[in-house]
Amino acid sequence: MSAPGRTLAIETSPHLASGASVDTIMRNVVYALLPVACYAVYLFGLSALLVLVTATLSCVLTEHLMCRAAGRATSVRDWSVVITGLLYGLTLPPALPLWMVASGGVIGVALGKVLFGGLGYNAFNPALVGRVFLQAAFPTAMTTWYPALLPQRFMELPSSILTFPFARPDFDGLTAATPLAQMKFDQLSTPATELVLGTTAGSTGETGALLILAGGAWLVARNMMNWRIPAAIFATVAVASALLHWVDPQYYPGPVFMLFSGGLMLGAVFMATDMVASPITRRGVIVYGVLIGALVVVIRVWGGMPEGVMYAILLANAVSPHIDNLVRPRVFGTGGGRAL
Amino acid sequence: MHKDETAGAPIRQFPFAPVMLVSLAQHFGRPSRAIVREGQEVQRGQCLAEADGEVSVATHAPASGVVQRIDLVPGIAGKMVPGIYLKPFPGSTQEIAAASPCDLDAATPDEIITAIQQAGIVGLGGAAFPTHVKLRIPPDKSVDTLVINGVECEPYLTTDHRVMLEQRDDVFMGIRYLMKATGVARALIGVEANKADVARALQQALPVDLPAEVVVLPVKYPQGAEKMLLKALLQREVPSGGLPLDVGAVVVNVATTAEIGRLLPRGQGIQERVITITGPAVKKKGNYRIPIGTPLRFALDFVGVEDDLGQVFLGGPMMGQSLPSLDIPITKGTSGFVAFRRDQSLQARAEFPCINCGYCVDACPLFLNPARLGLLAQHRRFDEMAAGYHLMDCFECGSCSYVCPAHIPLVQRFRGAKSFLRKVEAAG
């Protein structure tokens, strides 16, 4: 015991810690996204694979190189930029020219994340920042969709995908409209089974609703996702669309269509739940989720575009710090009703 | 958590160290005033120092021996404090000095409270706050419940567990003294569900004429904190900045209660206490009845420690401080020592930026926002932490740091901010 030279360490309490760490959480989100990505490749073939790989690589490389340029240790090992890259790729049309994919990835991570200060400091979901840039810069390419399950999808690539930078993409005659566009512009409804299975036209990863929900449930079970956010979004969208549908069933689609079409599932489960850009308190995230749900319905029903999940989440990201300031939990022993 | 290693170990008596370091500042408040002189022979249990004022208690000889020096001894906070070096007589029978008992039926509440002060009794759970001060109910307050805190929520520690099992009659006797002193009509003994054996044993032996009830609570750190316990037992919330008195309750730790029940009928003062010595770096993990003033180094030599000893905590690993030196003596507030191996250090973990995950917000028992507080501390906005985010309510339970996946030392930042604000306040 009294052996000479023994030194005691001094650390501050607590001296115990739970096992979770930021990189573990992020890596698990990547795992949860992988089945969605595989299903996207199954539905849309080689082009989806190329889009996902290009998106992920462009995001990871951007963060890595910017860290190097700033003279600090690279932060790609925390896995958060891999989530950004994968998520970003999953929101893109499967035949989007790869140079557009890469440029959106660079913009999203550079402007949406690194310049804000990197992980933890980004006000907006970086994947959506990249996508919103593409939506503004290349509206046609961003709304040209391919049908799922084309027979030749594993043999040949759509000609548009390898378009030379700044050249006009040449889309094959195979394009199709998404269920939301059909509803908006042609008042055509899509069968519910197709919506749930995701065998419709759409962004690479937004159609695999069941896998998205399964991935989310897995993360919730591991306490790595706040279930209140998707729950609040789904509930708001379901209630609002049910009311509208009840008023005019011809014009307004019902809740099932609203929940399973477009990017709502992917957005609600994997984008809105970005921990950094969402509120921190239990009641705060409910407010945030309701806000997103309401904005989605408003944009989809009355807006000029068929889809509004991206804008809804970005707007809610912007107010999320203010929600935390406004909706504070009642501190123990400060009167009032029950805590939380 | 990690309690199984010692929960089944019966309390064993510790031997006397060659020299005991009896601190006169073991308790919260003014140090006791020595009434012996150097070279004087004293008997075990004899009063060595008297209480100096109301918020102070007496200190007794842990062994029969000779007072070597009255000087400074190492204190737990790293500073030297006044104390007595006592050399026990090697061959002594260590008989405890005879004294005048405090008779439960004959004594008035005031006499009981004075007897508790003279017996040197302080909160044995760790706070070392003089118990008699809590028992004097101010005339403008009314109290209806005595809460006996047997939660012991710190991982590793099993002191209270063993005391409740092995000294249940002392606990019941202590409750009688405390109820008479405070005039309350009922007592609740709170224990957590991981001490089912204790709850059963207490319930079986509960005297019919004692209006006390054993309440089994779900296991939930930090339920042993007074505020949390009162909420769980009585659904009463102590107001921010307030005391249990403000919600009509007095909370006393169960080991303190047992000491009152053991000592007052015999008229003795505290000479020893029960502690748990455990942790992965300890060889003979267990619960020990150890004389007050035993140097920690002697205690660790006795139980044996592994070669890769890294840290020793005073108390449990959640709220206990890591000790800079093994030269400190056991004091009344010492509930145990937990020793960790070197590879259990959390220092080496990489720190990430806060990702706003909200784990800390969910974990905080007081519903504070540790993430926001941590950020404000980083920016040295201490005033805002106190004024807008209730910093001063934080009792440093460590739950936020424990769950933080970014490994941000939140509690450490809060401690720094609080000490800064206290200094500013003290400077006026």
Side-chain angles (χ1 to χ4, degrees), chain A residues 1-3 6-26 73 75 77-78 80 117-122 223-226 228-229 273-285 320-321 324-325 328-336 338-340, chain B residues 155 227 231 237-242 297 300-301 304-305 307 309-313 317-326 340 342 344-347 349-350 352-359 361-362 365-369 371-372 390 393 396 398 401-407 409 411-412 415:
Chain A
M1 176 56 240
S2 333
R6 192 199 303 275
T7 50
L8 284 175
I10 302 176
E11 294 177 16
T12 56
S13 66
H15 307 283
L16 292 176
S18 69
S21 72
V22 167
D23 51 341
T24 335
I25 297 174
M26 298 296 171
S75 51
R77 285 195 198 92
D78 66 29
S80 66
L119 176 65
Y121 299 99
N122 48 301
N223 191 24
M224 292 175 177
M225 175 176 286
N226 194 335
R228 293 175 186 84
I229 296 175
T273 52
D274 178 359
M275 290 169 166
V276 179
S278 57
I280 201 165
T281 60
R282 285 188 186 182
R283 279 191 305 177
V285 294
S320 134
D324 273 338
N325 281 336
R328 292 191 200 180
R330 183 187 65 79
V331 169
F332 188 97
T334 54
R338 237 172 59 81
L340 285 181
Chain B
K227 288 184 175 188
K231 176 81 178 177
E237 265 188 34
V238 178
S240 169
R297 195 180 293 279
L300 290 183
D301 271 336
V305 290
D307 285 337
L309 174 73
Q311 295 183 83
V312 181
F313 311 130
M318 287 301 286
M319 290 181 74
Q321 79 183 82
S322 62
L323 292 169
S325 153
L326 302 183
F340 270 17
R342 233 172 273 154
Q344 287 179 289
S345 164
L346 299 180
Q347 209 78 334
R349 300 184 309 167
F352 293 93
C354 171
I355 56 166
N356 220 39
C357 64
Y359 289 6
V361 176
D362 282 349
L366 297 178
F367 316 120
L368 306 178
N369 186 340
R372 182 66 63 94
H390 292 266
D393 283 343
E396 300 165 23
S401 297
Y402 176 84
V403 296
C404 180
H407 309 152
V411 177
Q412 190 183 351
R415 249 183 231 127

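A/D274 does not touch chain B: none of its heavy atoms, backbone or side chain, sits under 4.5 Å away. For B/P155, the part sitting under 4.5 Å from any heavy atom of chain A is the side chain, from C-beta outward, and nothing else. With a 4.5 angstrom heavy-atom cutoff, A/I25 touches chain B only via side-chain atoms. Contact annotation for A/S278: only backbone heavy atoms (N, CA, C, O) come within less than 4.5 Å of a heavy atom of chain B. For a residue to count as touching a neighbouring chain, one of its non-hydrogen atoms must lie under 4.5 Å from one of that chain's; by this rule A/N122 does not touch chain B. Heavy-atom distances place no part of A/M225 under 4.5 Å from chain B, backbone and side chain included.
With a 4.5 Å cut-off on side-chain heavy atoms, A/Y121 and B/P353 count as touching. A heavy-atom distance below 4.5 Å is not found between the side chains of B/S240 and A/V331. Two residues are said to be in side-chain contact when any heavy atoms from C-beta on lie closer than 4.5 Å; A/D23 and B/F352 meet this criterion. Using a 4.5 Å heavy-atom cutoff, the side chains of A/N325 and B/R372 are in contact. At a threshold of 4.5 Å between non-hydrogen side-chain atoms, the residues A/L8 and B/S322 do not count as touching. When side chains are defined from C-beta on, B/P405 does not count as touching A/M26, because their heavy atoms never get closer than 4.5 Å.
Ranked by non-hydrogen atom pairs under 4.5 Å with chain A, the options B/R349, B/Q321, B/R415 are led by B/R415. The candidate from B/N369, B/L323, B/L346 with the greatest count of non-hydrogen atom pairs under 4.5 Å with chain A is B/L346.
A pairwise comparison of heavy atoms in A/P329 and B/F367 identifies CB-O, 4.1 Å as the closest pair. Of all heavy-atom pairs between B/G358 and A/I280, the closest is CA-CG1, 3.4 Å. Nearest heavy atoms, A/F332 versus B/K227: CZ-O, 3.6 Å. Contact detail for B/M318 and A/S13: the closest heavy-atom pair is O-CB, 3.3 Å.
For the 3.5 Å distance criterion, the side chains of B/S345 and A/E11 qualify, holding a donor opposite an acceptor.
We find the CG-OG distance between B/N356 and A/S320 to be 6.5 Å, quoted to the nearest 0.5 Å.
Between the side chain of B/Y359 and the main chain of A/N223, a donor-acceptor pair closer than 3.5 Å is present. A side-chain donor-acceptor contact under 3.5 Å links A/S18 to the backbone of B/Y402.
Two rings, from A/H15 and B/F340, have their centers 6.0 Å or more apart.
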